[in-house]
Amino acid sequence: MDSPAPLIDASFWITSGAIIALLLMSAFFSGSETALTAASRGKLRSRADKGDSGAETALRITEDNERLIGSVLLGNNMVNILAASLATALFTRLFGESGVALATLVMTLLVLIFAEVLPKTYAITNAELAAARVSPAIRLVIMVFSPIVAAVRRLVRLILALFGVKTDPDRNVLAVREEIAGALQLGHSEGVVEKEDRDRILGALDLGERTVEEIMLHRSKIEMVDADASPETILSHSLESPHTRLPIFKDDPENIVGVIHAKDLLRAMDKLMRGPDACPEKLKEFRVLDVAMKPYFVPETTTLDDQMREFLRRHTHFALVVDEYGALRGLITLEDILEEIVGEITDEFDVDAEHPLRRTEEGAVLVDGAMTIRDLNRAMDWSLPDEEANTIAGLVIHEAQSIPTQGQVFSFHGFRFEVLQRQANRITRLKIRPL
Ligand SMILES: Nc1ncnc2c1ncn2[C@@H]1O[C@H](COP(=O)(O)OP(=O)(O)OP(=O)(O)O)[C@@H](O)[C@H]1O
Ligand SMILES: [Mg+2]
């Protein structure tokens, strides 16, 4: 008869040793994940500049955060599951049926305390140092696991797609935008980021989400010339206008058939008046459309980002904005888009637009109703919501649910709005004061 195998034998010790080793690895993964995600890139950079190669590696592997976290998560799960399986096998051998429940309890506690909370708490208090130390090993982990991570990501998208769920590749972009905005806001309130710098960066980041319709010049304000006007009229119009490019309409101002550049007009006129084949009599026959450029139309839903690229690619600065039916909505130039980043640009001929904003002594501002909420927020460093309306007047009408009359006062979003002037159905002048 064989005597029953002793319960505490060599395999017991080997298994226990393996479980402890796996828990240590799990702690390493959890701590590394926290350290690498929490470490400040600025501090890592300065460490790296002082010759810390670990910090350099940490900077490099955190560039692709999704790959980093995916690989670490995979490693962490693998060791946790292996440890739990070994523990279950060991406990069932020791305690029979109740081994499963016991292993679950013991391993949950061990993993939670030693492989999760403890290493993560340590890592977050010493993030940069820890990140620099663990980065070479984690780089290896990424090298081994990233192909699997990539395959998993594809599989997940495929499964979601089968169920009709569309994964949004822009989500990360949005999260990053929020993160940068938050960091800039914090930096600004702490006094390390200048308001101008913050506005410039946020302006540039937002180009992808805003459309030409939001910033275009309304069609009623476009200066244009009639294709059938006499050459003298067109010339004097062009000379008097502060603008270099004037759209040309035929019969109806909505019907734009060309755009005349002042220089092209001058060259053409000059050719008729002077030089070897000058022929002043032909001035009457001059057709402005012969020297005009073709109009460039863009849909109002184009994002500012796309429009800017398109302007650069086409080597033009001037576009006419149309709606989905092709009806003229407004005008946009490259300068208008750049202003969203750097603020108001005025050149030698730009009429200094009658100031849309004036501060009063009691800390209020007098604004033009047509001023955009965004411009006001930027000028005053306020944060009035700009989702519901584009202009201040629009916001007040939206909140009041009617077109308020002169003298009416409203309080919302932490501000007091007084209607100073209303012309027909438009609110033209407002006084706003923070409450
Ligand atoms: N024909 C026009 N009618 C009304 N506004 C215009 C017209 N052309 C340009 N603008 C506006 O003038 C501002 C300045 O734009 P931009 O600098 O591109 O034109 P410009 O000064 O006429 O030309 P340039 O600077 O190339 O000589 C922009 O806000 C633009 O919307
Ligand atoms: Mg200009």
Side-chain angles (χ1 to χ4, degrees), residues 207-208 210-275 277-341 345-351:
L207 292 184
R210 306 183 55 223
T211 61
V212 296
E213 191 260 335
E214 288 174 46
I215 67 164
M216 68 183 186
L217 183 83
H218 190 265
R219 62 160 191 269
S220 60
K221 297 196 180 131
I222 303 179
E223 249 188 71
M224 38 176 115
V225 294
D226 188 339
D228 299 325
S230 70
E232 289 87 354
T233 317
I234 293 175
L235 180 63
S236 61
H237 192 157
S238 173
L239 288 174
E240 278 157 25
S241 168
H243 300 299
T244 306
R245 296 167 197 83
L246 300 178
I248 306 165
F249 69 90
K250 185 126 182 93
D251 305 329
D252 172 4
E254 301 256 313
N255 180 32
I256 308 283
V257 288
V259 174
I260 182 70
H261 190 294
K263 258 200 147 93
D264 289 333
L265 185 65
L266 289 181
R267 286 202 183 105
M269 295 270 169
D270 181 60
K271 211 164 139 207
L272 285 176
M273 316 288 259
R274 306 186 310 168
D277 35 40
C279 185
E281 308 80 62
K282 283 216 175 132
L283 193 62
K284 276 193 284 310
E285 289 160 34
F286 173 79
R287 292 278 159 270
V288 65
L289 283 174
D290 295 343
V291 292
M293 308 176 276
K294 278 215 182 70
Y296 164 38
F297 295 106
V298 301
E300 58 185 347
T301 48
T302 316
T303 65
L304 295 182
D305 197 24
D306 289 344
Q307 189 54 51
M308 182 173 70
R309 280 176 225 272
E310 205 50 29
F311 274 141
L312 298 178
R313 200 179 65 76
R314 288 170 169 257
H315 308 289
T316 57
H317 295 180
F318 186 97
L320 292 152
V321 183
V322 290
D323 68 12
E324 55 186 314
Y325 306 106
L328 182 69
R329 293 288 321 274
L331 163 69
I332 188 160
T333 69
L334 180 62
E335 185 181 296
D336 296 324
I337 302 181
L338 296 180
E339 282 181 347
E340 293 304 305
I341 305 173
I345 303 172
T346 40
D347 70 13
E348 306 87 327
F349 292 104
D350 283 350
V351 263

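Being a predicted model, the structure only gives us computed values, none of them experimental.
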Without swapping roles, check the side chain of S241 against the backbone of S238 for a donor-acceptor pair under 3.5 Å. no
Taking only residues two or more places apart in sequence or in another chain, which ones pass side chain to side chain donor-acceptor pair (under 3.5 Å) with H261? none
If you define the side chain from C-beta out and look only at heavy atoms, does anything of N255 sit under 4.5 Å from V257? yes
Below 4.5 Å, heavy atoms only, C-beta onward: do L304 and V212 meet side chain to side chain? yes
Residue among I215, V298, L331, T211 satisfying side chain to side chain contact (heavy atoms under 4.5 Å, CB included) with V321: V298
What pairs with E300 under salt bridge (Lys or Arg N to Asp or Glu O under 4.0 Å), at least two apart in sequence or on another chain? R329
Taking side chain to side chain donor-acceptor pair (under 3.5 Å) as the test, write out the residues that go with D306, two or more places apart. T303
With side chains defined as the heavy atoms from C-beta onward, is the minimum distance between D264 and R267 less than 4.5 Å? yes
Mind checking what makes salt bridge (Lys or Arg N to Asp or Glu O under 4.0 Å) contact with K250, not counting sequence neighbours? D228
For D226, what residues pass the salt bridge (Lys or Arg N to Asp or Glu O under 4.0 Å) criterion, not counting sequence neighbours? none
Suppose we screen for salt bridge (Lys or Arg N to Asp or Glu O under 4.0 Å). Which residues come up paired with D305, at least two apart in sequence or across chains? R309
Could you tell me whether the side chain of Y296 reaches within less than 4.5 Å of the side chain of V259, counting heavy atoms only? no
Within the 4.5 Å heavy-atom criterion, are I260 and L289 side-chain neighbours or not? no
